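Shown next, in structure tokens, is the structure this report addresses.
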Amino acid sequence: MSARTFTPDVRSVNAEGRAVTTVHMKRGCNGCGTLLGDIDDRDVDDRGNLTDVRAECPNCAPVVELEKAGCRTWRVTERSVSNVDRELDRLNVFAKGYWQEVGGKLTVVGLRVGIGQTRVVAYWGDWLVRHPDGHFTVLAGPQQAGDPR
């Protein structure tokens with residue numbers, strides 16, 4: 001697969017003296033949202049659906065490889081945590097919110113999965129990975145400003 005171009009937006013002044021910006025549409029990773037480069041023909045399949053470009057993303061490519069190896073993955077975010085927790089309940093796996101002090105306030109910052117020494121913590125933006133043998137690991141997502149880690 002060829003590398004994507006990443007054309008910068010161009011700011012100029014038109015004939016009427018108004019500022020104009022020419023925007024080049026970018027493709028974001030459908031796993032984490034990282035901008036990958038300019039949109040091109042590989043981004044839409046023959047039915048008009050967006051393709052999965054996670055393998056092009058430096059953050060998500062390891063997740064794609066884990067899925068190919070038979071692992072089940074979930075991206076843990078504030079929006080997805082209830083769905084992830086529901087799926088873990090169906091697997092009979094203990095999970096609960098993980099709390100830390102942030103800015104002087106006790107705040108949920110992720111999801112704790114498992115009990116005892118085998119438990120793992122997935123912070124918001126991390127991928128929770130269930131391996132074929134049933135054990136869990138965490139693949140750290142891209143660091144965000146204000147990340148409690």
Side-chain angles (χ1 to χ4, degrees), residues 1-91 93 95-113 119-132 135-149:
M1 184 178 326
S2 62
R4 289 180 184 269
T5 56
F6 203 101
T7 309
D9 297 342
V10 177
R11 290 181 169 70
S12 59
V13 178
N14 66 12
E16 299 162 357
R18 293 184 188 177
V20 176
T21 303
T22 303
V23 176
H24 294 271
M25 193 174 250
K26 304 290 184 249
R27 176 64 197 264
C29 172
N30 45 316
C32 69
T34 298
L35 293 181
L36 302 174
D38 295 347
I39 289 181
D40 58 28
D41 290 340
R42 67 183 131 186
D43 293 316
V44 180
D45 66 16
D46 55 356
R47 294 176 36 199
N49 298 316
L50 284 176
T51 57
D52 185 354
V53 294
R54 295 176 304 151
E56 293 180 50
C57 177
N59 300 316
C60 295
V63 176
V64 173
E65 292 303 314
L66 287 166
E67 290 171 350
K68 285 180 185 175
C71 297
R72 174 68 172 99
T73 64
W74 299 270
R75 184 144 192 249
V76 180
T77 66
E78 292 169 279
R79 292 185 68 175
S80 72
V81 69
S82 60
N83 291 332
V84 174
D85 188 39
R86 189 173 18 263
E87 288 192 44
L88 294 174
D89 282 346
R90 288 186 189 132
L91 295 170
V93 174
K96 71 176 194 173
Y98 186 70
W99 298 73
Q100 282 186 344
E101 194 169 309
V102 178
K105 253 177 121 170
L106 200 55
T107 307
V108 178
V109 295
L111 185 68
R112 189 179 94 179
V113 177
R119 72 176 174 249
V120 295
V121 174
Y123 288 93
W124 300 143
D126 289 349
W127 284 269
L128 178 64
V129 181
R130 184 170 194 247
H131 296 268
H135 84 279
F136 286 87
T137 59
V138 173
L139 185 63
Q143 295 270 183
Q144 304 291 328
D147 197 330
R149 287 179 262 190

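Please read these numbers as outputs of a predicted model, since none were measured by experiment.
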- Message: Please determine whether side chain to side chain contact (heavy atoms under 4.5 Å, CB included) holds for the pair His24 and Phe6, giving the CA-CA distance in whole Å, both sets of side-chain angles, and the decisive distance to 0.1 Å.
- Response: CA-CA 9 Å; His24 294 271; Phe6 203 101; over 6 Å; no
What verdict does the side chain to side chain contact (heavy atoms under 4.5 Å, CB included) test give for Trp124 and Val108, after you've listed the backbone C-alpha separation in whole Å, the side-chain angles of each residue and the deciding distance to 0.1 Å? CA-CA 9 Å; Trp124 300 143; Val108 178; 3.6 Å; yes
Show your working on side chain to side chain contact (heavy atoms under 4.5 Å, CB included) between Asp85 and Asp89 and close with a plain yes or no.
CA-CA 6 Å; Asp85 188 39; Asp89 282 346; 4.0 Å; yes
Next item on the list: Test side chain to side chain contact (heavy atoms under 4.5 Å, CB included) on Val113 and Val93 and set out the steps.
Entry: CA-CA 7 Å; Val113 177; Val93 174; 3.6 Å; yes
Exercise. What's the verdict on salt bridge (charged side-chain N to carboxylate O under 4.0 Å, His left out) for Arg72 and Glu87, showing C-alpha distance, side-chain angles and the deciding distance?
Worked result: CA-CA 11 Å; Arg72 174 68 172 99; Glu87 288 192 44; 2.7 Å; yes
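No donor-acceptor pair under 3.5 Å is formed between the side chain of Asp45 and the backbone N or O of Thr51. Judged purely by atom type and a 3.5 angstrom limit, Asp126 has no side-chain atom pairing as donor or acceptor with the backbone of Val76. Listed for the Arg112 side chain is no donor-acceptor partner under 3.5 Å among the backbone atoms of Val120. Thr34 places no side-chain N or O within donor-acceptor distance of the main-chain N or O of Cys32, the cut-off being under 3.5 Å.
Glu65 has no carboxylate O lying under 4.0 Å from a charged side-chain N of Arg54, or vice versa, which leaves the two without a salt bridge. Ion pair Lys26/Asp43 not flagged as a salt bridge, since none of the NZ, NE, NH1 or NH2 atoms sits closer than 4.0 Å to an Asp/Glu carboxylate oxygen. For Asp40 and Arg4, the salt-bridge test passes: some basic side-chain N is under 4.0 Å from an acidic carboxylate O.
At least one side-chain heavy atom of Thr77 sits under 4.5 Å from a side-chain heavy atom of Arg75. The side-chain heavy atoms of Val129 and His131, taken from C-beta on, include a pair separated by under 4.5 Å. Between Leu111 and Tyr98 there is no side-chain heavy-atom pair separated by less than 4.5 Å. In this structure, Trp127 and Cys60 have side chains that are in contact, with non-hydrogen atoms separated by less than 4.5 Å. Under the 4.5 Å side-chain criterion, counting only non-hydrogen atoms from C-beta, Glu56 is in contact with Arg42. For the pair Trp74 and Val63, the minimum side-chain heavy-atom distance is 4.5 Å or more. Side-chain atoms of Asp52 and Asn30, non-hydrogen and from C-beta on, do get closer than 4.5 Å to each other. Side-chain atoms of Cys29 and Asn59, non-hydrogen and from C-beta on, never get closer than 4.5 Å to each other.
The residue from Thr73, Val84, Leu139 that alone fulfils the side-chain contact (heavy atoms from CB on, under 4.5 Å) condition with Leu128 is Val84.
Between Cys71 and Pro132 the shortest heavy-atom distance is SG-CD, 3.8 Å.
Thr21 and Asp9 form no side-chain donor-acceptor contact under 3.5 Å, judged by distance and modelled atom types alone.
Rounded to the nearest 0.5 angstrom, Phe136 CZ and Leu88 CG are separated by 5.0 Å.
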